[in-house]
Amino acid sequence: MRAHTIPAEGADAGIDLTGLDPAQARDWLGRMLLIREFESTAGPLATSGAIPGGMHAATGQEAVAVGVTSVLGPEDVAAASHRSHHVALAKGMPPRSVMAELYGKATGCAGGRGGHMHLADFSVGFDGSNGIVGAGLGIALGAAFAQGYRQDGHCAAGFFGDGGANTGRVWEFVNLAAAWKLPLIVVCENNGYAVETPVGDAMAGESVADRASGFGLPAVQVDGQDVAAVHRAAAQAADRARAGEGPTFIEALTYRHLGHDIGERGQYRTTEEVEWWQSNRDPIARMRAALEKSGDLDEAGFAELAAAATARVKDAVEYAESSPLPDPATVADGVTGIPLQLRGTQ
Amino acid sequence: MRAHTIPAEGADAGIDLTGLDPAQARDWLGRMLLIREFESTAGPLATSGAIPGGMHAATGQEAVAVGVTSVLGPEDVAAASHRSHHVALAKGMPPRSVMAELYGKATGCAGGRGGHMHLADFSVGFDGSNGIVGAGLGIALGAAFAQGYRQDGHCAAGFFGDGGANTGRVWEFVNLAAAWKLPLIVVCENNGYAVETPVGDAMAGESVADRASGFGLPAVQVDGQDVAAVHRAAAQAADRARAGEGPTFIEALTYRHLGHDIGERGQYRTTEEVEWWQSNRDPIARMRAALEKSGDLDEAGFAELAAAATARVKDAVEYAESSPLPDPATVADGVTGIPLQLRGTQ
Amino acid sequence: MTTPASKRTTLSRAYRDGLAEEMARDDRIVVMGTDLYERGGHWAQVTNLGPQFGRDRVRNAPISEAAMVAAGVGAAMNGLRPVVDLNFLDFAFGAMDEIVNQAAKVRYWWGRPVPLVVRGTTGFAGGGAQHNNPIESWFCHVPGLLMAYPSTPYDAKGLIKSAMRGEDPVIFAMHKMQTGARGEAGGPDDLVPFGQAAVRRPGRDVTVVTYGVMAPKSLAAAERLAADGIEAEVIDLRTLMPLDLDTVEESVRRTRTLVVAAEDYRHGGVGAEIAAAMQETLFRELDAPVLRIGAPFAPVPHSPVLLDALTPGADDVERLAREVVKTRQ
Amino acid sequence: MTTPASKRTTLSRAYRDGLAEEMARDDRIVVMGTDLYERGGHWAQVTNLGPQFGRDRVRNAPISEAAMVAAGVGAAMNGLRPVVDLNFLDFAFGAMDEIVNQAAKVRYWWGRPVPLVVRGTTGFAGGGAQHNNPIESWFCHVPGLLMAYPSTPYDAKGLIKSAMRGEDPVIFAMHKMQTGARGEAGGPDDLVPFGQAAVRRPGRDVTVVTYGVMAPKSLAAAERLAADGIEAEVIDLRTLMPLDLDTVEESVRRTRTLVVAAEDYRHGGVGAEIAAAMQETLFRELDAPVLRIGAPFAPVPHSPVLLDALTPGADDVERLAREVVKTRQ
Ligand SMILES: Cc1ncc(C[n+]2csc(CCOP(=O)(O)OP(=O)(O)O)c2C)c(N)n1
Ligand SMILES: Cc1ncc(C[n+]2csc(CCOP(=O)(O)OP(=O)(O)O)c2C)c(N)n1
Ligand SMILES: [Mg+2]
Ligand SMILES: [Mg+2]
């Protein structure tokens with residue numbers, strides 16, 4: 001498979017805003033800023049130990065989450081991978097409940113039981129991050145099955161990475177969705193690496209999208225650093241899904257600006273490569289530039305969006321820090337709906 | 001996926017013998033006859049209970065096994081599925097040891113421990129049938145890994161069915177083989193049905209071969225009822241493998257003349273369809289006709305091959321029937337190489 | 001407990017009838033698996049449900065256990081009550097992450113119920129080692145799962161009905177050799193609760209706790225013991241999670257002896273937990289060690305003579321019951 | 001037993017050194033897994049082996065656990081001695097069929113050795129429920145597998161060396177919190193045999209049998225008990241299959257009491273088998289019931305306060321040891 005490196009020099013970084021409502025476009029930019037701010041804040045907190053355990057930052061991949069969820073309502077479902085803060089926030093989870101979960105606090109979305117790989121909020125249709133590579137797509141598959149069964153006009157989006165495209169479960173899920181024409185949007189966030197393994201070392205073939213098309217569903221590759229392009233692909237996919245025409249596969253070419261996890265110090269990619277993506281294909285800078293060019297955003301407008309993001313994340317941290325810890329005595333509560341009648345407390 | 005039905009009327013059933021050594025071609029016919037005779041004999045013995053448990057007959061699929069194994073030597077490996085008598089015999093397993101295993105006798109290839117889904121003979125490079133759909137390919141993958149590691153010029157063939165093409169493991173195996181350029185021949189015996197499920201109900205997409213090509217290896221579809229065509233495709237694949245160029249995917253379109261298992265009485269396919277395949281695409285009749293047409297076989301020659309097959313299978317039955325049962329006291333012997341120090345015999 | 005609707009039937013038919021009754025009253029129930037619609041499954045467990053409920057509710061699936069179970073989990077999180085029918089419970093190996101890391105954990109994290117049933121036929125029979133793995137103890141070691149293992153038509157029906165009205169992921173095991181086991185089944189309102197063992201036969205001399213195919217074998221042993229004046233109390237657990245140790249304890253307090261009879265490997269099976277727990281609770285009350293019946297530790301062989309040698313029988317129950325009774329004297 | 005080459009090191013480094021020594025003497029050994037070559041694995045378990053042995057022998061694999069293990073099984077059947085490194089043992093869920101239905105059964109059917117090691121880091125730590133499943137008891141319930149669970153650098157090195165020279169498929173578990181556990185490691189010829197427990201501390205009053213991370217915790221408890229004049233004998237099993245019950249039995253015959261200390265869920269863990277087996281064998285010799293330490297039955301939580309509440313500690317060992325000693329008096 002083609003290595004995931006720097007596109008040909010001079011490739012256009014401009015974003016086509018044709019047909020977009022400027023207010024909506026600004027909203028996307030705001031959401032991307034929120035995600036960026038969240039990751040920039042949470043990362044160091046995880047490094048310092050304030051947030052226990054590590055985390056996988058999605059910095060750089062904001063446009064994929066925002067673009068895909070831009071076509072989903074609260075009754076549409078998204079489910080994602082181990083790297084999912086962006087999807088959770090884009091789908092509408094309150095930063096407070098995400099941050100508190102990272103902190104392991106009782107007010108977190110899982111009461112502190114889950115951690116950063118186990119975020120969910122059913123009221124906004126976010127059916128969960130997932131620590132198992134490829135597994136989030138399976139949850140979305142099931143959501144789509146329920147939606148298709150009810151023919152309720154809703155759809156589900158499942159996210160996974162390029163590394164996930166090597167797991168058997170992902171292709172079982174894609175096959176079942178295609179065979180049963182489920183209202184599923186399959187989203188592969190191809191950020192070029194699975195931990196330290198370049199996509200080309202792990203997969204042969206043309207592209208993930210090409211691989212997917214053999215499973216009998218439309219499969220497209222989009223620029224994952226262009227929120228408008230992702231939005232358009234997702235809109236088509238959602239239309240297909242809602243019309244009962246079955247699933248669509250979207251391979252979004254993206255890049256993570258930071259390490260696989262907080263604290264990573266790998267040597268598997270060059271500083272030039274990272275900097276190229278940061279400088280030339282930053283989804284936020286590109287969208288900002290496009291909106292400024294089209295006259296739909298000025299400096300003050302951007303500052304306002306940025307300030308709002310900063311404020312919300314600051315609030316989330318304060319909330320998380322001042323929240324109570326879960327009660328240790330509850331550790332084995334609520335494992336099942338009926339009592340398990342076990343013996344031996346210890 | 002295209003339903004697996006009767007080809008367009010008038011499609012040519014002739015077999016192209018160009019470039020084949022007549023002696024070799026007759027040998028293939030003999031092998032196919034042996035398989036046919038084996039299945040025709042064992043089936044009723046299973047129905048009557050002389051052979052305990054059921055069995056999956058490969059009647060109709062002889063050419064796939066004989067064509068693929070025709071390019072393999074004893075140090076090349078084959079591993080197969082739950083439907084594998086044909087591969088086992090084509091790879092060179094003595095009918096005696098296969099039949100005795102079906103009978104559950106001590107002289108069977110697994111000492112009666114395995115049964116018809118667990119045949120193997122390492123001296124001829126048959127690394128096992130497999131009761132788990134898709135799993136035989138994994139064993140062949142591992143054999144190919146070892147061969148590739150040693151660069152010994154050998155290769156491995158793994159067989160599975162159209163139903164197996166829906167399992168995740170098959171695509172993990174294919175992906176790994178392609179990524180690592182292993183000397184593997186991936187053989188999908190597409191006989192149109194997985195138990196009672198038509199291939200078109202279970203898979204979307206163009207064809208299994210098309211699906212495979214997305215994994216970055218050459219993938220071809222061949223007429224699985226034409227032993228010469230299978231042989232040519234396998235020869236190319238083996239050449240690639242031995243030259244270190246990596247795996248090849250072969251989808252062989254074939255048909256099982258009998259039910260999924262002995263005793264099946266499903267209504268999932270029409271009598272016409274079954275009869276069409278039996279009458280128009282029988283791999284044995286076609287090869288016989290081609291050899292007679294080319295003057296490489298006469299009635300007596302055919303009768304001789306058929307008689308040899310009959311004699312070998314008869315001998316196998318006699319051998320199996322007169323063989324001793326395994327000693328019940330040995331039931332838990334040889335589970336591991338070191339003693340497990342377990343307590344409590346019962 | 002049985003209503004007038006009770007009738008003699010088989011275990012697999014009773015399961016099917018229970019499922020059909022629940023499907024009729026709750027259209028959130030869907031069943032998926034390979035070869036269900038026409039064939040009715042490989043164990044006649046859903047015969048005719050296809051035509052009765054249609055292709056939307058009785059879905060033939062591609063051979064992709066991970067996808068089926070994942071679809072079941074996601075659908076259960078989103079308002080359906082799916083039954084994933086694996087035909088053979090062994091095929092759960094291909095969906096283990098989906099069962100253990102997904103289905104079982106969702107409620108713990110997010111309080112979201114996962115009303116999913118994963119059904120499979122299991123237990124020793126012909127078919128070889130890959131189709132006969134005893135794995136019930138695995139599922140009993142996973143917090144978040146329930147585990148049913150009915151031994152009678154009545155329980156198969158009553159337990160599937162309870163499972164379909166519950167909120168938890170359930171592994172539903174049925175023994176191959178009991179597919180055609182005959183008996184009464186309950187009516188539409190005869191639910192069997194999870195976590196409530198059944199005393200199949202009262203007795204004062206020795207308690208035999210069992211489940212699945214060993215339940216009838218234990219009863220047969222009890223008959224033979226009774227001929228010699230030894231009265232065994234036979235307790236059928238019916239569900240292995242929850243595990244009704246209260247009923248066992250109460251019985252052992254009377255009999256002062258216990259034999260655990262399972263077909264599963266003796267080493268490390270559910271019987272180990274029962275023995276360990278009972279010696280803890282009843283150390284001073286036990287007149288003899290808790291003995292366990294279970295298979296020798298080997299893959300399941302094909303040859304019937306070997307399979308017989310591996311499979312625990314009524315003889316084994318009888319022998320160990322006599323042994324504990326003798327120890328006491 | 002240690003040769004002059006012994007030196008203080010860590011558990012993961014000792015594992016690596018043992019593997020490296022075996023790779024140097026046997027070129028049939030290959031290691032595969034994700035992120036091994038450059039990163040050295042997620043637990044520093046193969047640091048620098050990549051550069052040392054080259055890309056052919058230390059293979060970065062795509063994320064495809066079933067494929068890795070299947071490749072390992074097939075290669076082991078064909079002359080190699082592969083190590084499949086899963087990084088986290090939990091990822092075995094994605095390769096369960098390959099482990100249970102393939103690796104474990106080949107020898108039983110065909111007498112063909114499958115010298116395969118599947119290594120994974122396990123045990124409770126941060127990372128959440130999907131990365132901390134205790135599943136050692138599962139593998140101990142599968143005929144055909146061996147199971148190593150070293151608690152010291154010496155054993156990690158000695159056991160991987162034995163595994164690489166053996167003929168059986170081995171599940172090789174290492175506890176997350178012991179990745180950096182310090183201690184001596186043996187030299188090139190210091191193999192630790194499977195199925196031989198180590199008496200870590202002699203004692204006359206109570207036997208504590210343990211493994212993995214609970215071994216040091218049990219030793220800490222023993223120190224505290226000793227301060228009160230209670231001498232605990234601490235036995236580290238080192239391998240769970242084979243399970244060296246002879247050493248345990250011999251000890252319990254002297255101490256007449258037994259506590260089993262595992263981190264795994266108390267319900268249905270390996271401790272259940274040990275308790276069940278010992279009360280069978282030593283019914284008349286035991287002065288108190290066999291007590292078990294293990295985690296409450298819940299998925300592993302993220303929040304450190306909850307994780308602490310779930311994780312058994314030295315306190316628990318101390319408490320139960322005192323309890324059995326008191327029961328006896
Ligand atoms: C089944 C499974 N195998 C391995 C892992 C360990 N792991 C966690 S993330 C990861 C890399 C995933 O790469 P990719 O899918 O490309 O996602 P990305 O991290 O790039 O977002 C790996 C190997 C896992 N969590 N699950
Ligand atoms: C993982 C797994 N799932 C289900 C089965 C049950 N099963 C045995 S054979 C079979 C159908 C296989 O169909 P196909 O792969 O097309 O092979 P064919 O029988 O047509 O030769 C099924 C579902 C199995 N053995 N393994
Ligand atoms: Mg990636
Ligand atoms: Mg088929």
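In what follows, chains carry the letters A, B, and so on, assigned in the order in which the sequence lines appear, proteins first and then strands, with residues in each chain numbered from 1.
For T239(D), no part lies under 4.5 angstrom from a heavy atom of chain B. For a residue to count as touching a neighbouring chain, one of its non-hydrogen atoms must lie under 4.5 Å from one of that chain's; by this rule L137(B) does not touch chain D. Residue contact with chain D, scored on non-hydrogen atoms closer than 4.5 Å, involves the backbone and the side chain of D127(B) alike. Only the side chain of I132(B) comes within contact range of chain D, with at least one heavy atom under 4.5 Å from a heavy atom of that chain. Contact of V77(B) with chain D is made through the side chain alone, with heavy-atom distances under 4.5 Å. Heavy atoms closer than 4.5 Å to chain B are found in both the backbone and the side chain of P143(D). The part of L243(D) that comes within reach of chain B is its backbone (N, CA, C, O), which places non-hydrogen atoms under 4.5 angstrom from that chain. Contacts of V114(D) with chain B are absent, with no heavy-atom separation under 4.5 Å from either backbone or side chain. Only the side chain of N130(B) comes within less than 4.5 Å of a heavy atom in chain D; its backbone stays farther off.
The choice from E167(D), M32(D), R107(D) that makes the most heavy-atom pairs within less than 4.5 Å of chain B is R107(D). Interface check for chain B: of the options A66(D), A76(D), A61(D), the most heavy-atom pairs under 4.5 Å are formed by A66(D). Chain D forms more heavy-atom pairs under 4.5 Å with one residue of Y149(B), W171(B), F173(B) than with any other, namely Y149(B). Between chain B and the residues G72(D), P113(D), A67(D), A70(D), the most heavy-atom pairs under 4.5 angstrom are made by A67(D). Among A120(B), A144(B), P339(B), the residue making the largest number of heavy-atom pairs under 4.5 Å with chain D is A120(B). Considering only heavy-atom pairs separated by less than 4.5 Å from chain B, the leading option among E280(D), M241(D), K105(D), R59(D) is R59(D).
In the displayed structure, E75(B) atom CD is contacted under 6.0 Å by at most 12 heavy atoms of other residues, nucleotides or ligands. Within a 6.0 Å radius of CD in Q52(D), other residues, nucleotides and ligands contribute more than 12 heavy atoms.
Under the 6.0 Å cut-off for aromatic ring centres, H82(B) and H118(B) do not qualify, their centroids lying 6.0 Å or more apart.
Using modelled atom types, one finds no donor on one side chain facing an acceptor on the other under 3.5 Å when comparing H141(D) with E273(D). A donor-acceptor contact under 3.5 angstrom links the side chains of T34(D) and N87(D), judged on distance only.
A donor-acceptor distance shorter than 3.5 angstrom exists from the side chain of D76(B) to the backbone of C155(B), with no hydrogens or angles considered. Using a distance-only test at 3.5 Å, with no hydrogens or angles considered, no donor-acceptor pair links the side chain of R256(D) to the main chain of L286(D).
Considering C140(D), P242(D), S162(D) as possible partners of L146(D), the one that fulfils the side-chain contact (heavy atoms from CB on, under 4.5 Å) test is P242(D).
Relative to the ring axis of Y211(D), R238(D) does not place its NZ or CZ within 45° and under 6.0 Å from the centre. Stacking of R112(D) on the aromatic ring of F122(B) is recorded, both the 6.0 Å distance cut-off and the 45° axial limit being met.
In this pair, F160(B) and F249(B) present their aromatic rings perpendicular. The plane angle is above 60°, beyond the 30 to 60° band.
Scanning residues 91-103 of chain D against chain B with a 4.5 Å non-hydrogen threshold yields D97(D), E98(D), N101(D), Q102(D), sorted by number.
Between T107(B) and E101(B) the shortest side-chain heavy-atom distance does not fall below 4.5 Å.
Ion pairing between E38(D) and R55(D) holds under the 4.0 Å rule for side-chain N and carboxylate O.
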